Amino acid sequence: GLFEAEMTSRVSGALANATSSLNNLQLEVDANPDHNGRNDQFATGSQKIANEFRESLNYPKFQGLFDERFAGTLERGRMGVAQGVRTAQIDSSRGNVSMFIESKLDEAAKASDTATRQLLVEDAIAAVNQGVKDGLWSAAQGAEKKIQIENRMEGESLLLQSQVIADELREEPDLEKRLAKARKLPGELGDLVVARVMNQIGQDEDLRNKARQAKLDERYQRAQAGDMTLEDLEIEAYWARKTGEPMSAQE
């Protein structure tokens, strides 16, 4: 009769309000930075919500109907939270393992001997393999990471070789000959050595310019102090601009 219809409608209303409260709870749970505590937080909160709206129905028959119809919503919420926790755990583990791998590769890049370098790279690759076993990455993702490690180490090796060769070439005082030797080197290694040699030349020229400027500044101070006439200073400055060297250095 009317009583039955009214109470059934009240069950529907309680379900709607309970579902809304459960959705709000899920938002709070998902925002919890301690993902390992989310399952317990949801279990406690959802039970409180279920009890509150069940008790508002008064009669056992309709309370049972509420429980029956709300059970699916509760289970979907519980599974959603559990999945979110698993995802957060995987993300956290991935981050930690990735930091470990990066630290080993950084150490390898700085290693002075090949044996130590190789051991550190093997540690990084072993961490990738373990990550695949633990489900942090798929087999394809793990293979891609190992390729990235190998490529990075090859790049680091090229950089190290280019630095050693460029430093050796620095002993050649003739800049054109130094560049010519660098340009004879093959492929990417040659490009890196040429770039380093050009950078060295630029740095050397910058240092020379600073030295020249320092000498001119010193002469200007001497001129102001009366130790050198302004005319002599102007001659010095003209000569430095024209030749790149102070007159005193030519004497």
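Note that the structure is predicted; figures quoted are calculated from it, not measured.
A donor-acceptor contact shorter than 3.5 Å links the side chain of Arg117 to the backbone of Met153. Remark: the backbone N or O of Gln83 is paired with a side-chain donor or acceptor of Thr87 at under 3.5 angstrom. For the pair Asn17 (side chain) and Gly13 (backbone), a donor-acceptor distance under 3.5 Å is present. For the pair Arg54 (side chain) and Phe66 (backbone), a donor-acceptor distance under 3.5 Å is absent. Checked by atom type and distance alone, the side chain of Arg10 pairs as donor or acceptor with a backbone atom of Ser56 at under 3.5 Å. Distance alone, capped at 3.5 Å, places no donor-acceptor pair between the Ser20 side chain and the Ala16 backbone.
Minimum interatomic distance between Ile49 and Ala18 (heavy atoms only, all atoms of both residues): CG2-O, 3.7 Å. The minimum heavy-atom distance between Gly142 and Val128, with the atom names listed, is O-CG1, 3.5 Å.
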Task: Ile147 vs Glu144, side-chain contact (heavy atoms from CB on, under 4.5 Å): CA-CA, chis, key distance, verdict - done: CA-CA 5 Å; Ile147 291 171; Glu144 183 179 354; 5.6 Å; no
Open item on the list: For Glu28 and Asn32: C-alpha separation, side-chain torsions, deciding distance, then whether side chain to side chain donor-acceptor pair (under 3.5 Å) applies.
Closed with: CA-CA 7 Å; Glu28 292 177 15; Asn32 185 354; over 6 Å; no
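Side-chain atoms of Asp134 and Gln130 form a donor-acceptor pair, as typed in the model, at a separation below 3.5 Å.
The shortest side-chain heavy-atom distance between Val97 and Trp137 falls under the 4.5 Å cut-off. Looking only at side-chain heavy atoms (C-beta outward), Phe62 and Glu4 come within less than 4.5 Å of each other.
Summarising the local packing, CZ of Arg86 is surrounded by 12 or fewer heavy atoms from other residues, nucleotides or ligands at distances under 6.0 Å. Within a 6.0 Å radius of CE in Met198, other residues, nucleotides and ligands contribute 12 heavy atoms or fewer.
A distance of 10.0 Å separates CG in Leu25 from NZ in Lys48, rounded to the nearest 0.5 Å. To the nearest 0.5 Å, the span separating CD on Gln63 from CZ on Phe53 amounts to 14.0 Å. Glu107 CD to Leu120 CG: the interatomic distance, rounded to the nearest 0.5 Å, is 5.0 Å. Rounding to the nearest 0.5 angstrom, the gap separating the OG atom in Ser46 from the CZ atom in Phe70 is 7.5 Å. Between the CG atom in Leu105 and the CZ atom in Phe100 there is a gap of 10.0 Å [rounded to 0.5 Å]. Remark: Leu22 CG to Leu27 CG distance equals 10.0 Å, nearest 0.5 Å.
Residues Val121 and Leu119 do not share a hydrophobic cluster, clusters being chains of Ile/Leu/Val/Met/Phe/Trp/Tyr side chains in contact below 4.5 Å. Tracing side-chain contacts under 4.5 Å through hydrophobic residues (I, L, V, M, F, W, Y), one never reaches Val29 starting from Ile90; they form parts of separate clusters. Cluster membership for Phe3 and Leu57, using ILVMFWY side-chain heavy atoms within less than 4.5 angstrom, is shared.
A search for side chain to side chain contact (heavy atoms under 4.5 Å, CB included) contacts involving Ser138 returns Ala140, Gln141, not counting sequence neighbours.
Ion pairing between Glu102 and Arg152 holds under the 4.0 Å rule for side-chain N and carboxylate O.
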Side-chain donor-acceptor contacts of residues 71-81 below 3.5 Å, not counting sequence neighbours, with atom names and distances?
from: Thr73; atom 1: OG1; to: Arg76; atom 2: NH2; distance (Å): 3.4
from: Glu75; atom 1: OE1; to: Arg78; atom 2: NE; distance (Å): 3.1
from: Glu75; atom 1: OE2; to: Arg78; atom 2: NE; distance (Å): 3.4
from: Glu75; atom 1: OE2; to: Arg78; atom 2: NH2; distance (Å): 2.6

